[in-house]
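Reading through the structure tokens given below for one structure.
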Amino acid sequence: MSSRVVVLISGAGSNAAALLEAAADPGFGASVVAVGADRYGAGGLDLARQAGVEAFTVPFADYGDRGDWNAALIERLDAYRPDLVVSAGFMRILGAEVLERHTVVNIHPALLPAFPGAHAVRDALAYGVAITGATVHFADSGVDTGPVIDQVAVRVDPRDDTASLHERIKSVERRMLVEVVGRLAREGWSVQGRQVRLGGSGTRQTPSTEYVAEENR
Ligand code: GRF
């Protein structure tokens, strides 16, 4: 049976779009049952509707209190009975109550634990790193601190600005996200401390080279 996935977004939703496209294949193992946003007009909501998937908004701005917003979000999430919640460019910290009830996977545009937070691409560029990338990890109560599921490296070009570097990161991160969500759905996972195991083999699987940045192959 297909795993039920709810995707949370704040913006353009290119990661959500990649998941919607992959999940259209019954062999993928996961169905996107809804796409939700924390603000009206997030681009990915229209993409969901076009794909025939439910779109919902729990606008942060409508709640005076973070606790109330979290409670409203939980109500929506619970209604979809997700096996996985994917935070794909969702720019809000999820409350402990959300994380207690749901398994949340987050995508982050840097090689964690380097450059957590909302400005990862800008921060990596400002630091002058030669290699950055993207991380898919389970969310915990910290900011981008949960156990790493997979990572992909992207070389910084000396001519990069934040936008060009972020675009290159996004092109590999969405392939990684699709790969990881599909495998979590099809193979299952376990977490011991910080170690994430996909499937039952007990070792971290070699990541597919499909989403490795071309220059790193
Ligand atoms: C991604 O780079 C994600 O890692 C970051 O925000 C971006 C979202 O892009 N947190 P999109 O909305 O999926 O296009």
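All values below were derived from every heavy atom in this structure, side-chain atoms included, with hydrogens, water molecules and symmetry-related copies excluded. Each ligand, and each atom within it, is numbered from 1 in the order the structure gives.
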Nearest non-hydrogen protein atom, [atom]:
| atom | result |
| --- | --- |
| atom 9 (O) of ligand 1 | K170 NZ, 3.2 Å |
| atom 6 (O) of ligand 1 | G89 CA, 3.6 Å |
| atom 1 (C) of ligand 1 | E173 OE2, 2.7 Å |

Query - ILVMFWY cluster, V156 and L112 together (side-chain gap under 4.5 Å) - result: no
Requested in this report: Work out whether the distance between some heavy atom of I9 and some atom of ligand 1 is less than 4.0 Å.
Outcome: no
Which of the atoms of ligand 1 are close to [X], meaning less than 4.0 Å from one of its heavy atoms?
| X | result |
| --- | --- |
| S14 | 11 (P), 12 (O), 13 (O), 14 (O) |
| H166 | 1 (C), 2 (O), 7 (C) |
| N15 | 1 (C), 9 (O), 11 (P), 13 (O) |

Report summary line: Judged by heavy atoms only, the candidate from A120, S10, G13 nearest atom 12 (O) of ligand 1 is G13
Query - Identified salt bridge (charged side-chain N to carboxylate O under 4.0 Å, His left out) counterpart of R168 within the set D160, D161, D157 - result: D160
Query raised in the report: Is the shortest distance from a Lys or Arg side-chain nitrogen in D150 or R183 to a carboxylate oxygen in the other one below 4.0 Å?
Result: no
Query raised in the report: Does V6 reach the side chain of V33, with side-chain heavy atoms less than 4.5 Å apart?
Result: yes
Query - Listed partners of A16 passing side-chain contact (heavy atoms from CB on, under 4.5 Å), at least two apart - result: V7, I9
Tabulate below the donor-acceptor pairs under 3.5 Å that side-chain atoms of residues 49-60 make, not counting sequence neighbours, or state none.
| residue | atom | partner | partner atom | Å |
| --- | --- | --- | --- | --- |
| R49 | NH1 | D46 | OD1 | 2.8 |
| E54 | OE1 | Y80 | OH | 2.7 |

